[in-house]
Amino acid sequence: MGACYAHSSSSSLILVAAIAFFCLSSVNSENPYRFFTWKVTYGDIYPLGVKQQGILINGQFPGPTIDAVTNDNLIISVYNYLREPFLISWNGIQNRKNSWQDGVEGTNCPIPPGKNYTYVIQLKDQIGSFFYFPSLQMQKAAGGFGAIRTWNRPEIPLPFHPPAQDYTILAGDWYKRGHHKLANNLCRGHSLPFPDGLVINGRGWNGMTFTVHQGKTYRFRISNVGLTTSINFRIQGHKMKLVEVEGSHTIQNTYSFLDIHLGQTYSVLVTADQPPKDYYIVVSTRFTRRVLTTTAILHYSNSNGALSTSPPPGPTLDIASSLYQATTIRWNLTASGPRPNPQGSYHYGLVKPKRTIVLENSAHFINGKQRYAVNGVSYVAPDTPLKLADYFSIPGVFSVGSIPTYPSRGTNHAYLQTSVIGASFHDFVEIVFQNREKSVQSWHLDGHSFFVVGLGSGRWTPQSRAHYNLKDAVCRCTTQVYPRSWTAIYVALDNVGMWNLRSENWGRQYLGQQLYVRVYTPFKSLRDELAIPKNALLCGRARGRHIIRPL
């Protein structure tokens with residue numbers, strides 16, 4: 001087994017002995033192991049100056065940053081000291097061959113109060129910036145999220161010089177009311193209200209300071225971990241050079257500001273080349289008539305000047321500038337990927353998609369309550385995780401094809417269903433997200449990255465393909481869809497499992513704007529998918545079943 005890295009707890013040696021029996025059979029024993037022990041508790045937090053009950057990990061809000069090298073094996077033992085079930089999911093981590101560890105309600109049983117579950121995750125062939133978050137109910141509104149930084153191995157050069165320091169910014173909208181009240185409000189048939197404010201790393205106005213030295217260059221990894229709104233990010237008086245998006249190195253364009261939509265992560269390089277004083281780091285809401293703003297401070301170590309009286313304003317409702325910016329974010333075809341070969345060695349534009357799936361979001365009232373739907377189907381979670389039902393062949397939990405792969409025309413009808421799309425292992429698929437509503441949508445696919453080949457206004461048609469970028473479209477896991485517009489992606493479904501495709505607007509996701517993609521192969525081989533973990537939690541109709549693992 002590879003070298004072991006102790007982390008976070010004096011109980012690491014006990015943890016090593018307890019889980020070694022499945023480490024060898026579950027993950028690549030040639031790569032290092034990193035051990036984490038996380039205690040999930042309630043605690044008092046003050047993100048907007050008001051005392052709230054937050055979800056802490058090891059007493060921290062946000063939670064601890066995970067630092068690891070590509071292909072490392074993470075052994076994360078999560079102890080749930082809350083009074084409610086809990087799950088953590090890994091936004092952008094692909095869990096190759098291992099949807100058992102995805103940490104969403106369709107794949108995993110929740111960790112009961114007072115119990116623990118050990119995630120076994122390999123960061124297989126990934127370098128870049130990601131984050132984790134609690135996936136159940138509205139717990140994301142209480143904290144429990146943190147950054148994941150996956151570093152390159154020495155033999156894989158980065159397409160930029162190492163920065164003087166690497167900073168993480170977890171930003172997004174925030175509510176003063178607790179996550180239980182927000183969930184109850186949704187269950188009564190109401191949409192989420194407008195947020196109360198914005199936070200940066202769990203703090204409000206000027207709550208964070210990032211120190212820089214004159215002439216040095218710094219990396220900022222910025223994630224939108226909010227619930228409802230896109231954000232605009234800018235640093236007063238400074239340019240930002242974009243270098244990475246959710247695990248893909250990009251052409252290094254320079255921006256004065258960046259729109260970061262729900263669930264998205266960007267890495268930028270910032271050089272401290274301005275007169276030495278303090279500058280505002282600004283986050284504001286995008287596409288909202290009422291603009292929320294919060295700030296942090298960029299502090300020059302040799303500062304001789306105070307902050308200006310007010311932060312610089314940003315764009316608000318303008319769609320055109322955001323759309324233009326999105327089209328300029330391109331894949332760096334000459335940069336090395338997680339393996340020591342160029343990112344662009346995979347010529348996605350030369351592969352013809354096997355099928356096209358068009359997914360249209362919509363809002364409805366069903367049984368007198370607000371719901372959200374995809375192709376007229378509003379997702380409802382079954383009593384048993386879909387992945388377990390599939391593994392144990394439990395009937396009546398879901399059926400493949402329970403959602404149409406094209407929206408129906410001329411009807412506003414929607415219905416409740418556990419929606420699952422079936423796909424074959426290694427299918428290369430075109431997915432079009434069609435948005436006929438007035439708000440920006442944000443979509444995420446677990447277990448995969450995809451190529452954002454096209455964005456356009458109005459209704460997508462096959463003729464829209466004439467405007468696709470089939471050369472250097474960025475590869476990522478979360479994409480936006482502008483109002484009354486469409487976004488097209490190409491995705492190679494090369495990861496067997498049950499994968500969540502969801503809205504990153506958490507109220508819409510909670511009320512049905514999600515589905516699952518079952519990537520299936522009839523050949524049961526550890527080459528294609530890892531065995532069910534020995535420590536898998538069993539619930540619902542899977543409770544009491546016997547786990548059979550290969551010898």
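This is a predicted model, so every value here is computed, not measured.
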### Message
Determine whether a donor-acceptor pair (N or O, by modelled atom type, separation under 3.5 Å) exists between the side chain of His249 and the backbone of Gly337.
### Response
no
message = Could you tell me if Thr295 and Asn206 have a donor-acceptor pair between their side chains, going purely by distance under 3.5 Å?
response = yes
Result for side-chain contact (heavy atoms from CB on, under 4.5 Å) between Pro47 and one of Arg203, Gln52, Lys176 points to Gln52
- Task: Verify whether one side chain among Glu437 and Ser439 offers a donor that lies under 3.5 Å from an acceptor in the other.
- Result: no
* Asked: Under 3.5 Å, side chain of Gln126 to main-chain N/O of Gly92, donor-acceptor pair present?
  -> yes
Mind checking whether Trp499 and Phe450 have ring centres under 6.0 Å apart?
no
Distance col, row Ser442:OG vs Asn361:CG, nearest 0.5 angstrom, shows 11.0 Å
*asked:* Measuring centre to centre across the rings, with the benzene-like ring taken for any Trp, is Tyr132 within less than 6.0 Å of Trp38?
replied: yes
Are Arg96 and Asp125 ion-paired here, with the side-chain N under 4.0 Å from a carboxylate O? no
Is the backbone of His261 close enough, under 3.5 Å, to the side chain of Gln264 for a donor and an acceptor to pair up by distance? yes
task: Give the intermediate values and the outcome of side-chain contact (heavy atoms from CB on, under 4.5 Å) for residues Ile281 and Phe220.
output: CA-CA 11 Å; Ile281 298 173; Phe220 285 82; 4.3 Å; yes
Ser89 and Asp446 have their tightest heavy-atom pair at OG-OD2, 4.3 Å
Minimal heavy-atom distance between Pro338 and Ile156, with the atoms involved, is O-CD1, 2.5 Å
Between Arg286 and Asp259, does any NZ, NE, NH1 or NH2 come within less than 4.0 Å of an OD or OE carboxylate oxygen? yes
Is the number of heavy atoms from other residues, nucleotides or ligands under 6.0 Å of Gln509 CD greater than 12? yes
In this structure, CG of Leu455 is separated from CZ of Phe433 (nearest 0.5 Å) by 11.5 Å
Gln274 backbone acceptor or donor facing Gln214 side chain under 3.5 Å: yes
(message) Do Tyr372 and Ser191 pair up side chain to side chain, a donor and an acceptor below 3.5 Å, judged on atom types alone?
(response) yes
- Spell out, as yes or no, whether a donor-acceptor pair under 3.5 Å connects the side chain of Ser378 to the backbone of Leu511. yes
His467 side-chain N/O to Arg465 backbone N/O, donor-acceptor pair under 3.5 Å:
no
So with a 6.0 Å cut-off around CZ of Arg177, is the heavy-atom count from everything else above 12?
no
| query | Is the distance between the ring centroids of Tyr516 and Tyr379 less than 6.0 Å? | reply | yes
In Trp506, Phe145, Trp90, the residue satisfying ring-ring contact (aromatic ring centres under 6.0 Å, His included) with Phe133 is Trp506
Tell me whether Tyr175 contacts the main-chain N or O of Leu227 through its side chain, where contact means a donor paired with an acceptor under 3.5 Å.
no
**Message:** Hydrogens and angles aside, do Ser248 and Gln343 bring a side-chain donor and acceptor to less than 3.5 Å of each other?
**Reply:** no
Here the gap from Thr211 atom OG1 to Tyr300 atom OH, rounded to the nearest 0.5 Å, amounts to 12.0 Å
Query raised in the report: Are any side-chain N or O atoms of Asp44 and backbone N or O atoms of Lys51, one a donor and one an acceptor, separated by less than 3.5 Å?
Result: no
Using a 6.0 Å cut-off, check whether atom NZ of Lys277 has over 12 heavy atoms from anything other than its own residue. yes
| message | Measuring only between side-chain heavy atoms, which start at C-beta, is Tyr255 closer than 4.5 Å to Thr328? | response | yes
| request: Look at the side chain of Thr250 and the backbone N and O of Gln252, then say whether any donor-acceptor pair between them is shorter than 3.5 Å. | output: no
side-chain contact (heavy atoms from CB on, under 4.5 Å) with Leu198: of Val282, Thr294, Leu48, only one passes, and it is Thr294
Does the side chain of Asn332 come under 3.5 Å of the side chain of Thr334 through a donor N or O and an acceptor N or O?
-> yes
Using a 3.5 Å distance criterion without hydrogens, assess whether the side chain of Ser223 forms a donor-acceptor pair with backbone atoms of Val225. no
